Amino acid sequence: MQEVLISLQADLASGIAIRYACQLEKSARFNMNAIHIPDMDEKGHSPGSGWVHQTWENAVIQQARKKIAQLVKEDLFYCYLTRNPKIVPGEKEQVLLDEMRQKNYDFFIEGLLHSFEPDRFFQRLDSRLYRGLACPVLMVQNLTDLEKGIQIVGTRETVFSVLPWYFKLLKSLPEKPDILLCHFEAPGGKASFIENDTTLISGIEDRFLKHGKKPGRIRTVKGSPNELGLLVRDHALIASVLPQSRSSMASMLSMSPCPILLCPESKID
Amino acid sequence: MRILFAADENPYSADALLQVARLGENTWADITLLGVSSRSRTMDGKADALIKAYHQKLLGYFDSNTSPYFQVKPGAGGKGGIHKQIITRVRKGNPAKEILEEAKNQESDLIAVACSNKEDYAWEGAGNVPLKVARDAACSVLVIKEDKKINKVLCCLDHDNISQESLEMISQMVTLFKADLEIVVLKDSDDVQERIEKKLSWLINYYSARSIFPCIELVKLSHLETFISQQARWGLMAMWMGKKSILERVFPSNKVSRLLKANESSVLLLR
(Lines give C-alpha, C1' and ligand atoms only; values in the text may rest on other atoms or scores of the structure.)
Protein backbone atom coordinates (compact mmCIF):
# COMPACT_ATOMS: atom_id res chain seq x y z
CA MET A 1 0.00 0.00 0.00
CA GLN A 2 1.30 3.43 -0.90
CA GLU A 3 1.97 5.91 1.88
CA VAL A 4 0.84 9.47 1.23
CA LEU A 5 1.48 12.63 3.21
CA ILE A 6 -1.12 15.39 3.17
CA SER A 7 -0.38 18.82 4.56
CA LEU A 8 -3.34 20.38 6.35
CA GLN A 9 -3.94 23.94 7.44
CA ALA A 10 -7.21 25.15 8.90
CA ASP A 11 -8.33 26.66 5.60
CA LEU A 12 -10.52 26.05 2.56
CA ALA A 13 -7.67 24.82 0.34
CA SER A 14 -6.90 22.04 2.84
CA GLY A 15 -10.60 21.20 3.17
CA ILE A 16 -10.79 20.73 -0.60
CA ALA A 17 -7.51 18.77 -0.67
CA ILE A 18 -8.62 16.30 2.00
CA ARG A 19 -11.97 15.70 0.33
CA TYR A 20 -10.40 15.18 -3.07
CA ALA A 21 -7.73 12.87 -1.60
CA CYS A 22 -10.42 10.78 0.06
CA GLN A 23 -12.32 10.55 -3.20
CA LEU A 24 -9.14 9.47 -5.02
CA GLU A 25 -8.22 7.00 -2.30
CA LYS A 26 -11.34 4.98 -3.00
CA SER A 27 -9.89 4.00 -6.40
CA ALA A 28 -6.15 4.51 -6.05
CA ARG A 29 -5.85 2.88 -2.57
CA PHE A 30 -3.28 4.53 -0.32
CA ASN A 31 -2.68 5.22 3.36
CA MET A 32 -3.19 8.87 4.08
CA ASN A 33 -1.05 10.50 6.75
CA ALA A 34 -1.78 14.09 7.70
CA ILE A 35 0.60 16.67 9.05
CA HIS A 36 -0.13 20.16 10.31
CA ILE A 37 2.50 22.80 10.90
CA PRO A 38 1.07 25.54 13.13
CA ASP A 39 1.93 29.08 12.23
CA MET A 40 3.77 30.17 15.37
CA ASP A 41 4.16 33.73 14.07
CA GLU A 42 0.39 34.08 13.93
CA LYS A 43 0.34 33.87 17.73
CA GLY A 44 2.85 36.66 18.22
CA HIS A 45 6.39 36.41 19.50
CA SER A 46 7.39 33.61 21.82
CA PRO A 47 7.35 34.85 25.39
CA GLY A 48 10.69 34.29 27.13
CA SER A 49 12.76 31.15 26.86
CA GLY A 50 13.15 27.78 28.55
CA TRP A 51 10.00 26.39 30.21
CA VAL A 52 8.07 29.61 29.53
CA HIS A 53 8.71 29.21 25.82
CA GLN A 54 7.93 25.49 26.04
CA THR A 55 4.59 26.14 27.76
CA TRP A 56 3.64 28.75 25.16
CA GLU A 57 4.61 26.40 22.31
CA ASN A 58 2.57 23.57 23.86
CA ALA A 59 -0.45 25.85 24.12
CA VAL A 60 -0.13 26.84 20.44
CA ILE A 61 0.17 23.19 19.45
CA GLN A 62 -2.90 22.26 21.49
CA GLN A 63 -4.87 25.02 19.81
CA ALA A 64 -3.67 23.89 16.36
CA ARG A 65 -4.62 20.30 17.20
CA LYS A 66 -8.18 21.45 17.98
CA LYS A 67 -8.45 23.46 14.75
CA ILE A 68 -7.21 20.62 12.58
CA ALA A 69 -9.37 18.09 14.42
CA GLN A 70 -12.32 20.34 13.56
CA LEU A 71 -11.33 20.46 9.88
CA VAL A 72 -10.92 16.70 9.73
CA LYS A 73 -14.18 16.19 11.65
CA GLU A 74 -16.05 18.39 9.18
CA ASP A 75 -14.76 16.32 6.30
CA LEU A 76 -14.72 12.98 8.09
CA PHE A 77 -17.93 12.04 6.37
CA TYR A 78 -15.98 11.89 3.16
CA CYS A 79 -12.84 10.13 4.31
CA TYR A 80 -10.56 8.70 6.92
CA LEU A 81 -6.98 9.24 7.97
CA THR A 82 -4.58 6.47 8.94
CA ARG A 83 -4.00 8.17 12.28
CA ASN A 84 -4.54 11.52 13.91
CA PRO A 85 -2.78 14.40 12.17
CA LYS A 86 0.79 14.96 13.29
CA ILE A 87 1.35 18.48 14.64
CA VAL A 88 4.92 19.66 14.16
CA PRO A 89 6.02 23.22 14.89
CA GLY A 90 8.75 24.73 12.75
CA GLU A 91 9.47 26.31 9.40
CA LYS A 92 6.78 24.80 7.16
CA GLU A 93 8.75 23.80 4.09
CA GLN A 94 11.69 22.43 6.12
CA VAL A 95 9.38 20.36 8.35
CA LEU A 96 7.68 18.88 5.28
CA LEU A 97 10.97 18.11 3.56
CA ASP A 98 12.29 16.44 6.73
CA GLU A 99 9.13 14.39 7.16
CA MET A 100 9.16 13.30 3.51
CA ARG A 101 12.81 12.24 3.75
CA GLN A 102 12.35 10.33 7.00
CA LYS A 103 9.29 8.34 5.98
CA ASN A 104 9.88 7.93 2.28
CA TYR A 105 6.29 8.72 1.26
CA ASP A 106 5.09 7.86 -2.24
CA PHE A 107 3.58 11.24 -2.89
CA PHE A 108 2.64 14.45 -1.21
CA ILE A 109 -0.71 16.27 -1.30
CA GLU A 110 -1.49 19.87 -0.58
CA GLY A 111 -4.32 22.27 -1.37
CA LEU A 112 -3.87 25.51 -3.29
CA LEU A 113 -6.83 27.55 -4.50
CA HIS A 114 -6.62 28.19 -8.21
CA SER A 115 -5.96 31.72 -9.32
CA PHE A 116 -6.53 33.20 -12.79
CA GLU A 117 -3.29 35.12 -12.39
CA PRO A 118 -0.39 32.65 -12.71
CA ASP A 119 1.91 34.19 -10.06
CA ARG A 120 0.73 32.00 -7.16
CA PHE A 121 1.29 28.88 -9.25
CA PHE A 122 4.76 30.02 -10.33
CA GLN A 123 5.69 30.87 -6.74
CA ARG A 124 4.71 27.37 -5.67
CA LEU A 125 6.78 25.81 -8.47
CA ASP A 126 9.75 27.88 -7.34
CA SER A 127 9.35 26.88 -3.69
CA ARG A 128 12.09 25.02 -1.86
CA LEU A 129 9.59 22.27 -1.09
CA TYR A 130 8.62 21.53 -4.67
CA ARG A 131 12.19 21.75 -5.89
CA GLY A 132 13.42 19.55 -3.04
CA LEU A 133 10.91 16.70 -3.23
CA ALA A 134 11.99 13.37 -4.67
CA CYS A 135 8.40 12.23 -5.15
CA PRO A 136 5.39 13.78 -6.93
CA VAL A 137 3.24 16.54 -5.49
CA LEU A 138 -0.51 16.45 -5.96
CA MET A 139 -1.60 20.07 -5.96
CA VAL A 140 -5.33 20.04 -5.32
CA GLN A 141 -6.99 23.20 -6.57
CA ASN A 142 -10.59 22.01 -6.78
CA LEU A 143 -12.89 19.14 -6.10
CA THR A 144 -13.58 17.39 -9.38
CA ASP A 145 -15.69 14.53 -10.56
CA LEU A 146 -13.32 11.56 -10.97
CA GLU A 147 -15.35 10.37 -13.93
CA LYS A 148 -13.87 13.24 -15.92
CA GLY A 149 -10.70 11.16 -16.21
CA ILE A 150 -6.99 11.76 -16.10
CA GLN A 151 -4.94 13.58 -18.70
CA ILE A 152 -1.18 13.13 -18.90
CA VAL A 153 0.39 16.24 -20.37
CA GLY A 154 3.89 16.53 -21.78
CA THR A 155 6.16 17.25 -24.67
CA ARG A 156 7.85 14.53 -26.65
CA GLU A 157 10.81 14.99 -24.30
CA THR A 158 8.94 14.92 -20.97
CA VAL A 159 6.01 12.56 -21.43
CA PHE A 160 8.15 9.48 -20.78
CA SER A 161 9.14 10.89 -17.38
CA VAL A 162 5.49 11.08 -16.28
CA LEU A 163 4.44 7.60 -17.35
CA PRO A 164 6.43 5.65 -14.70
CA TRP A 165 4.86 7.78 -11.96
CA TYR A 166 1.43 7.19 -13.40
CA PHE A 167 1.98 3.42 -13.40
CA LYS A 168 3.36 3.53 -9.86
CA LEU A 169 0.68 5.73 -8.30
CA LEU A 170 -2.48 5.76 -10.37
CA LYS A 171 -2.52 2.56 -12.38
CA SER A 172 -5.45 1.19 -10.39
CA LEU A 173 -7.78 4.02 -11.46
CA PRO A 174 -10.43 2.56 -13.77
CA GLU A 175 -10.35 5.22 -16.51
CA LYS A 176 -7.79 5.10 -19.29
CA PRO A 177 -5.70 8.26 -19.18
CA ASP A 178 -5.78 10.61 -22.15
CA ILE A 179 -2.43 11.92 -23.34
CA LEU A 180 -1.83 15.42 -24.64
CA LEU A 181 1.46 16.05 -26.42
CA CYS A 182 2.23 19.74 -26.71
CA HIS A 183 4.25 21.74 -29.24
CA PHE A 184 4.48 25.22 -27.79
CA GLU A 185 4.43 28.20 -30.11
CA ALA A 186 4.69 31.94 -29.64
CA PRO A 187 1.66 33.78 -28.20
CA GLY A 188 -1.14 34.60 -30.61
CA GLY A 189 -1.43 31.32 -32.51
CA LYS A 190 -4.65 29.37 -32.02
CA ALA A 191 -4.49 25.81 -30.73
CA SER A 192 -4.77 23.18 -33.42
CA PHE A 193 -4.47 19.43 -33.40
CA ILE A 194 -1.73 18.01 -35.57
CA GLU A 195 -0.90 14.52 -36.73
CA ASN A 196 0.51 12.25 -34.05
CA ASP A 197 4.11 11.10 -34.45
CA THR A 198 3.66 7.35 -34.97
CA THR A 199 7.02 6.39 -33.43
CA LEU A 200 6.22 8.40 -30.32
CA ILE A 201 2.74 6.91 -30.07
CA SER A 202 3.96 3.33 -30.37
CA GLY A 203 6.56 4.12 -27.69
CA ILE A 204 3.78 5.29 -25.36
CA GLU A 205 1.54 2.33 -26.19
CA ASP A 206 4.41 -0.08 -25.52
CA ARG A 207 4.90 1.41 -22.05
CA PHE A 208 1.22 0.89 -21.28
CA LEU A 209 1.27 -2.63 -22.67
CA LYS A 210 4.17 -3.49 -20.37
CA HIS A 211 1.84 -2.70 -17.46
CA GLY A 212 -1.13 -4.51 -18.99
CA LYS A 213 -2.91 -1.22 -19.71
CA LYS A 214 -4.03 0.85 -22.67
CA PRO A 215 -3.90 4.62 -23.00
CA GLY A 216 -7.04 6.63 -23.76
CA ARG A 217 -7.08 9.25 -26.49
CA ILE A 218 -3.62 10.43 -27.59
CA ARG A 219 -3.57 13.88 -29.18
CA THR A 220 -0.79 16.13 -30.40
CA VAL A 221 -1.51 19.83 -30.32
CA LYS A 222 0.33 23.00 -31.18
CA GLY A 223 -0.30 26.54 -30.03
CA SER A 224 0.59 29.15 -27.46
CA PRO A 225 0.48 28.20 -23.75
CA ASN A 226 -2.57 30.44 -23.33
CA GLU A 227 -4.52 28.71 -26.07
CA LEU A 228 -3.42 25.22 -25.01
CA GLY A 229 -4.52 26.10 -21.48
CA LEU A 230 -8.11 25.56 -22.59
CA LEU A 231 -7.32 21.87 -23.08
CA VAL A 232 -6.27 21.26 -19.48
CA ARG A 233 -9.36 22.60 -17.72
CA ASP A 234 -11.90 19.81 -17.64
CA HIS A 235 -10.34 16.75 -16.08
CA ALA A 236 -10.35 14.98 -12.74
CA LEU A 237 -6.56 15.15 -12.68
CA ILE A 238 -3.74 16.45 -14.84
CA ALA A 239 -0.32 14.76 -14.59
CA SER A 240 2.86 16.42 -15.78
CA VAL A 241 6.54 16.68 -15.07
CA LEU A 242 7.29 19.44 -12.54
CA PRO A 243 8.07 22.25 -14.99
CA GLN A 244 10.43 25.16 -14.58
CA SER A 245 8.55 28.20 -13.33
CA ARG A 246 7.45 30.53 -16.15
CA SER A 247 8.26 27.95 -18.84
CA SER A 248 5.65 27.33 -21.56
CA MET A 249 4.51 24.18 -19.78
CA ALA A 250 4.19 26.05 -16.47
CA SER A 251 2.21 28.84 -18.17
CA MET A 252 -0.17 26.33 -19.67
CA LEU A 253 -0.61 24.40 -16.42
CA SER A 254 -1.18 27.63 -14.50
CA MET A 255 -4.46 27.94 -16.41
CA SER A 256 -5.74 24.60 -15.21
CA PRO A 257 -8.08 24.68 -12.21
CA CYS A 258 -7.91 20.88 -11.94
CA PRO A 259 -5.85 18.93 -9.40
CA ILE A 260 -2.35 18.59 -10.87
CA LEU A 261 0.12 15.81 -10.17
CA LEU A 262 3.59 17.28 -10.64
CA CYS A 263 6.23 14.60 -11.02
CA PRO A 264 9.99 15.02 -10.63
CA GLU A 265 12.05 14.30 -13.74
CA SER A 266 14.00 11.49 -12.11
CA LYS A 267 13.19 8.17 -13.73
CA ILE A 268 11.65 5.33 -11.78
CA ASP A 269 10.59 1.91 -13.00
CA MET B 1 -41.57 32.00 -9.18
CA ARG B 2 -42.68 33.97 -12.21
CA ILE B 3 -40.73 34.07 -15.48
CA LEU B 4 -41.34 36.74 -18.08
CA PHE B 5 -40.17 35.70 -21.53
CA ALA B 6 -39.93 38.69 -23.83
CA ALA B 7 -39.75 37.61 -27.44
CA ASP B 8 -39.43 39.13 -30.86
CA GLU B 9 -40.15 37.50 -34.20
CA ASN B 10 -36.62 36.24 -34.88
CA PRO B 11 -35.44 32.61 -34.78
CA TYR B 12 -33.27 33.15 -31.67
CA SER B 13 -36.44 33.92 -29.68
CA ALA B 14 -38.15 30.82 -31.00
CA ASP B 15 -35.09 28.71 -30.15
CA ALA B 16 -34.88 30.08 -26.61
CA LEU B 17 -38.46 29.02 -25.97
CA LEU B 18 -37.34 25.45 -25.26
CA GLN B 19 -34.98 26.65 -22.54
CA VAL B 20 -37.70 28.78 -21.01
CA ALA B 21 -40.00 25.74 -21.06
CA ARG B 22 -37.45 23.56 -19.29
CA LEU B 23 -36.64 26.26 -16.76
CA GLY B 24 -40.32 26.83 -16.08
CA GLU B 25 -41.00 23.14 -15.65
CA ASN B 26 -37.97 22.61 -13.38
CA THR B 27 -38.90 25.49 -11.13
CA TRP B 28 -42.68 25.20 -11.42
CA ALA B 29 -42.82 28.81 -12.41
CA ASP B 30 -45.68 30.81 -13.83
CA ILE B 31 -44.70 31.98 -17.31
CA THR B 32 -45.68 35.16 -19.11
CA LEU B 33 -45.02 35.35 -22.85
CA LEU B 34 -44.65 38.96 -23.88
CA GLY B 35 -44.53 40.44 -27.35
CA VAL B 36 -43.93 44.12 -27.91
CA SER B 37 -45.27 45.88 -30.91
CA SER B 38 -43.00 48.82 -31.57
CA ARG B 39 -44.57 51.89 -33.16
CA SER B 40 -41.62 52.29 -35.49
CA ARG B 41 -41.70 48.73 -36.66
CA THR B 42 -43.99 46.76 -38.90
CA MET B 43 -44.93 44.24 -36.25
CA ASP B 44 -48.33 45.78 -35.50
CA GLY B 45 -51.01 43.13 -35.78
CA LYS B 46 -48.42 40.41 -36.10
CA ALA B 47 -47.48 40.50 -32.44
CA ASP B 48 -50.72 38.85 -31.33
CA ALA B 49 -50.32 36.04 -33.83
CA LEU B 50 -46.67 35.61 -32.92
CA ILE B 51 -47.30 35.30 -29.20
CA LYS B 52 -50.17 32.89 -29.83
CA ALA B 53 -47.83 30.76 -31.95
CA TYR B 54 -45.19 30.82 -29.20
CA HIS B 55 -47.86 29.83 -26.68
CA GLN B 56 -48.81 26.79 -28.75
CA LYS B 57 -45.18 25.88 -29.27
CA LEU B 58 -44.49 26.20 -25.55
CA LEU B 59 -47.41 23.95 -24.62
CA GLY B 60 -46.12 21.43 -27.13
CA TYR B 61 -42.96 20.95 -25.05
CA PHE B 62 -44.88 19.70 -22.02
CA ASP B 63 -46.36 16.34 -21.19
CA SER B 64 -50.01 16.97 -20.48
CA ASN B 65 -50.07 14.21 -17.84
CA THR B 66 -47.18 15.45 -15.73
CA SER B 67 -46.71 19.10 -16.49
CA PRO B 68 -47.90 21.70 -14.01
CA TYR B 69 -49.16 23.75 -16.96
CA PHE B 70 -52.09 21.42 -17.65
CA GLN B 71 -55.09 20.86 -15.44
CA VAL B 72 -55.19 17.24 -14.36
CA LYS B 73 -58.56 15.78 -15.25
CA PRO B 74 -60.24 13.94 -12.37
CA GLY B 75 -59.45 10.23 -12.57
CA ALA B 76 -56.80 10.72 -15.23
CA GLY B 77 -54.10 9.49 -12.83
CA GLY B 78 -51.61 12.15 -13.86
CA LYS B 79 -48.71 13.18 -11.71
CA GLY B 80 -49.33 16.88 -12.12
CA GLY B 81 -51.94 18.49 -9.97
CA ILE B 82 -50.34 21.82 -9.15
CA HIS B 83 -51.61 24.17 -11.74
CA LYS B 84 -49.24 26.85 -12.97
CA GLN B 85 -50.11 29.56 -15.42
CA ILE B 86 -48.86 30.48 -18.84
CA ILE B 87 -50.23 33.85 -19.85
CA THR B 88 -49.68 35.86 -22.99
CA ARG B 89 -49.35 39.62 -23.24
CA VAL B 90 -48.79 42.07 -26.06
CA ARG B 91 -47.78 45.66 -25.39
CA LYS B 92 -47.20 48.64 -27.64
CA GLY B 93 -44.34 51.07 -27.34
CA ASN B 94 -40.63 51.17 -26.69
CA PRO B 95 -39.65 47.48 -26.32
CA ALA B 96 -37.18 47.82 -23.42
CA LYS B 97 -39.49 50.14 -21.46
CA GLU B 98 -42.52 47.91 -22.04
CA ILE B 99 -40.66 44.78 -20.97
CA LEU B 100 -39.47 46.46 -17.77
CA GLU B 101 -42.96 47.80 -17.09
CA GLU B 102 -44.55 44.40 -17.61
CA ALA B 103 -41.96 42.74 -15.35
CA LYS B 104 -42.76 45.28 -12.67
CA ASN B 105 -46.52 44.80 -13.01
CA GLN B 106 -46.23 41.03 -12.95
CA GLU B 107 -43.69 41.09 -10.10
CA SER B 108 -41.51 38.78 -12.20
CA ASP B 109 -38.56 37.03 -10.58
CA LEU B 110 -36.77 36.49 -13.86
CA ILE B 111 -36.90 38.11 -17.28
CA ALA B 112 -35.67 35.76 -20.02
CA VAL B 113 -34.78 37.31 -23.34
CA ALA B 114 -32.93 35.90 -26.32
CA CYS B 115 -30.68 37.91 -28.58
CA SER B 116 -28.83 37.90 -31.82
CA ASN B 117 -25.28 36.69 -32.08
CA LYS B 118 -24.50 39.26 -34.74
CA GLU B 119 -24.63 42.35 -32.57
CA ASP B 120 -23.90 43.02 -28.89
CA TYR B 121 -26.94 41.80 -27.00
CA ALA B 122 -29.35 43.18 -29.58
CA TRP B 123 -32.69 42.34 -31.11
CA GLU B 124 -32.31 42.39 -34.86
CA GLY B 125 -33.84 45.57 -36.20
CA ALA B 126 -34.70 46.93 -32.76
CA GLY B 127 -31.33 47.77 -31.24
CA ASN B 128 -29.93 46.70 -27.93
CA VAL B 129 -33.20 45.88 -26.16
CA PRO B 130 -31.80 42.89 -24.21
CA LEU B 131 -28.83 44.96 -23.03
CA LYS B 132 -31.12 47.74 -21.77
CA VAL B 133 -33.36 45.23 -20.02
CA ALA B 134 -30.35 43.51 -18.41
CA ARG B 135 -28.99 46.83 -17.23
CA ASP B 136 -32.17 48.42 -15.89
CA ALA B 137 -34.35 45.58 -14.62
CA ALA B 138 -35.13 45.33 -10.93
CA CYS B 139 -35.25 41.53 -11.05
CA SER B 140 -32.90 38.86 -12.39
CA VAL B 141 -32.37 38.71 -16.14
CA LEU B 142 -31.31 35.80 -18.33
CA VAL B 143 -30.01 36.84 -21.76
CA ILE B 144 -29.72 33.80 -24.02
CA LYS B 145 -27.34 34.34 -26.88
CA GLU B 146 -28.17 32.79 -30.22
CA ASP B 147 -26.26 29.62 -31.17
CA LYS B 148 -24.17 29.53 -28.01
CA LYS B 149 -23.78 26.11 -26.49
CA ILE B 150 -23.53 26.51 -22.75
CA ASN B 151 -20.99 24.09 -21.29
CA LYS B 152 -20.16 26.06 -18.21
CA VAL B 153 -21.92 28.38 -15.81
CA LEU B 154 -19.42 30.95 -14.63
CA CYS B 155 -20.77 32.39 -11.46
CA CYS B 156 -19.50 35.70 -10.09
CA LEU B 157 -21.40 35.78 -6.83
CA ASP B 158 -20.89 38.51 -4.34
CA HIS B 159 -19.05 37.26 -1.29
CA ASP B 160 -21.32 38.70 1.34
CA ASN B 161 -24.75 38.74 -0.18
CA ILE B 162 -25.58 35.37 -1.59
CA SER B 163 -29.28 34.71 -1.40
CA GLN B 164 -30.88 31.29 -1.38
CA GLU B 165 -32.85 32.28 -4.50
CA SER B 166 -29.73 33.07 -6.48
CA LEU B 167 -28.06 29.80 -5.44
CA GLU B 168 -31.15 27.91 -6.51
CA MET B 169 -31.25 29.83 -9.79
CA ILE B 170 -27.63 28.84 -10.46
CA SER B 171 -28.45 25.19 -9.69
CA GLN B 172 -31.29 25.38 -12.15
CA MET B 173 -29.04 26.77 -14.87
CA VAL B 174 -26.45 24.04 -14.30
CA THR B 175 -29.19 21.40 -14.56
CA LEU B 176 -30.92 23.10 -17.47
CA PHE B 177 -27.82 23.30 -19.64
CA LYS B 178 -26.13 20.14 -18.25
CA ALA B 179 -23.18 22.43 -17.60
CA ASP B 180 -20.28 22.56 -15.17
CA LEU B 181 -20.27 25.21 -12.48
CA GLU B 182 -17.37 27.57 -11.93
CA ILE B 183 -17.47 29.98 -9.00
CA VAL B 184 -15.38 33.05 -9.68
CA VAL B 185 -14.11 34.68 -6.50
CA LEU B 186 -13.40 38.33 -7.09
CA LYS B 187 -10.71 39.69 -4.85
CA ASP B 188 -8.94 42.98 -4.53
CA SER B 189 -5.87 41.71 -2.69
CA ASP B 190 -3.64 38.63 -2.82
CA ASP B 191 -5.22 36.98 0.21
CA VAL B 192 -8.59 35.32 0.39
CA GLN B 193 -10.13 36.40 3.66
CA GLU B 194 -11.31 33.86 6.21
CA ARG B 195 -14.96 34.91 5.93
CA ILE B 196 -14.85 34.41 2.15
CA GLU B 197 -13.32 30.97 2.66
CA LYS B 198 -16.15 30.07 5.03
CA LYS B 199 -18.72 31.20 2.49
CA LEU B 200 -17.00 29.19 -0.25
CA SER B 201 -16.81 26.15 1.96
CA TRP B 202 -20.54 26.47 2.55
CA LEU B 203 -21.12 26.81 -1.21
CA ILE B 204 -19.09 23.68 -1.92
CA ASN B 205 -21.20 21.77 0.61
CA TYR B 206 -24.41 23.22 -0.82
CA TYR B 207 -23.64 22.23 -4.40
CA SER B 208 -21.86 18.93 -3.60
CA ALA B 209 -25.05 17.82 -1.88
CA ARG B 210 -26.72 18.33 -5.25
CA SER B 211 -23.98 16.34 -7.04
CA ILE B 212 -22.53 19.50 -8.53
CA PHE B 213 -18.78 19.97 -8.05
CA PRO B 214 -18.12 23.67 -8.37
CA CYS B 215 -14.72 24.72 -9.59
CA ILE B 216 -13.37 27.72 -7.68
CA GLU B 217 -11.24 30.30 -9.42
CA LEU B 218 -9.74 33.41 -7.82
CA VAL B 219 -9.68 36.48 -10.03
CA LYS B 220 -8.36 39.92 -9.18
CA LEU B 221 -10.93 42.63 -9.83
CA SER B 222 -8.47 44.44 -12.04
CA HIS B 223 -8.32 41.34 -14.29
CA LEU B 224 -12.05 40.66 -14.43
CA GLU B 225 -12.60 41.97 -17.94
CA THR B 226 -9.66 39.95 -19.29
CA PHE B 227 -10.96 36.90 -17.48
CA ILE B 228 -14.43 37.35 -18.93
CA SER B 229 -13.20 37.84 -22.46
CA GLN B 230 -10.97 34.73 -22.19
CA GLN B 231 -13.03 32.32 -20.13
CA ALA B 232 -16.65 33.16 -20.68
CA ARG B 233 -16.72 32.38 -24.37
CA TRP B 234 -18.30 28.97 -23.90
CA GLY B 235 -20.30 29.67 -20.83
CA LEU B 236 -23.18 31.35 -19.20
CA MET B 237 -21.89 34.21 -17.13
CA ALA B 238 -23.88 34.65 -13.93
CA MET B 239 -23.31 37.84 -11.99
CA TRP B 240 -24.83 39.05 -8.77
CA MET B 241 -25.80 42.68 -9.12
CA GLY B 242 -27.27 43.43 -5.68
CA LYS B 243 -26.89 46.85 -4.10
CA LYS B 244 -24.06 45.76 -1.83
CA SER B 245 -22.42 43.64 -4.48
CA ILE B 246 -18.73 44.06 -5.08
CA LEU B 247 -19.58 44.12 -8.80
CA GLU B 248 -22.04 46.94 -8.33
CA ARG B 249 -19.40 48.92 -6.45
CA VAL B 250 -16.71 48.33 -9.02
CA PHE B 251 -18.98 48.27 -12.03
CA PRO B 252 -21.74 50.83 -11.66
CA SER B 253 -24.61 50.57 -14.13
CA ASN B 254 -22.82 52.30 -17.01
CA LYS B 255 -20.02 49.78 -16.68
CA VAL B 256 -22.39 46.82 -16.75
CA SER B 257 -22.84 47.49 -20.44
CA ARG B 258 -19.08 47.45 -20.89
CA LEU B 259 -18.80 44.22 -18.97
CA LEU B 260 -21.53 42.62 -21.02
CA LYS B 261 -19.98 43.78 -24.26
CA ALA B 262 -16.66 42.20 -23.26
CA ASN B 263 -18.51 38.95 -22.92
CA GLU B 264 -19.47 36.68 -25.81
CA SER B 265 -21.62 34.35 -23.78
CA SER B 266 -25.15 34.24 -22.47
CA VAL B 267 -25.62 36.17 -19.26
CA LEU B 268 -27.60 35.75 -16.06
CA LEU B 269 -27.75 38.87 -13.93
CA LEU B 270 -28.94 38.02 -10.42
CA ARG B 271 -30.72 40.63 -8.40
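Residue numbering restarts at 1 for every chain, and letters A, B, ... go by the order of the sequence lines. From a predicted model like this one, the values you see are computed outputs, not experimental measurements.
Taking NE2 from His114(A) and CD1 from Ile216(B), the interatomic distance works out to 12.0 Å, rounded to the nearest 0.5 Å.
For the side-chain hydrogen bond (donor to acceptor under 3.5 Å, both in side chains) test, no residue two or more places apart in sequence or in another chain qualifies with Gln172(B). For the side-chain hydrogen bond (donor to acceptor under 3.5 Å, both in side chains) test, no residue two or more places apart in sequence or in another chain qualifies with Lys176(A). Taking Asp109(B) as the reference, nothing meets the salt bridge (Lys or Arg N to Asp or Glu O under 4.0 Å) condition, with sequence neighbours excluded.
Looking at heavy atoms from C-beta onward, Glu217(B) lies out of side-chain contact with Leu113(A) at the 4.5 angstrom threshold. Here the side chains of Lys198(B) and Leu12(A) are not in contact, with every heavy-atom distance at 4.5 Å or above. The shortest side-chain heavy-atom distance between Lys152(B) and Asp234(A) falls under the 4.5 Å cut-off. Side chains of Phe116(A) and Lys220(B) form no contact here, defined as non-hydrogen atoms less than 4.5 Å apart. For the pair Phe213(B) and Leu143(A), the minimum side-chain heavy-atom distance is below 4.5 Å.
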Just do the side chain to side chain contact (heavy atoms under 4.5 Å, CB included) check on Cys215(B) and Arg233(A) with the steps written out, would you?
CA-CA 10 Å; Cys215(B) 171; Arg233(A) 292 187 68 88; 5.5 Å; no

With side chain to side chain contact (heavy atoms under 4.5 Å, CB included) as the criterion, how do Arg19(A) and Ile204(B) come out once you've worked through the C-alpha distance, each side chain's angles and the decisive distance to 0.1 Å? CA-CA 11 Å; Arg19(A) 281 198 201 185; Ile204(B) 290 173; 3.7 Å; yes

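For the pair Asp180(B) and Lys148(A), the salt-bridge criterion is met [side-chain N within less than 4.0 Å of a carboxylate O].
Using non-hydrogen atoms only and a strict 4.5 Å limit, no part of residues 240-252 of chain A faces chain B.
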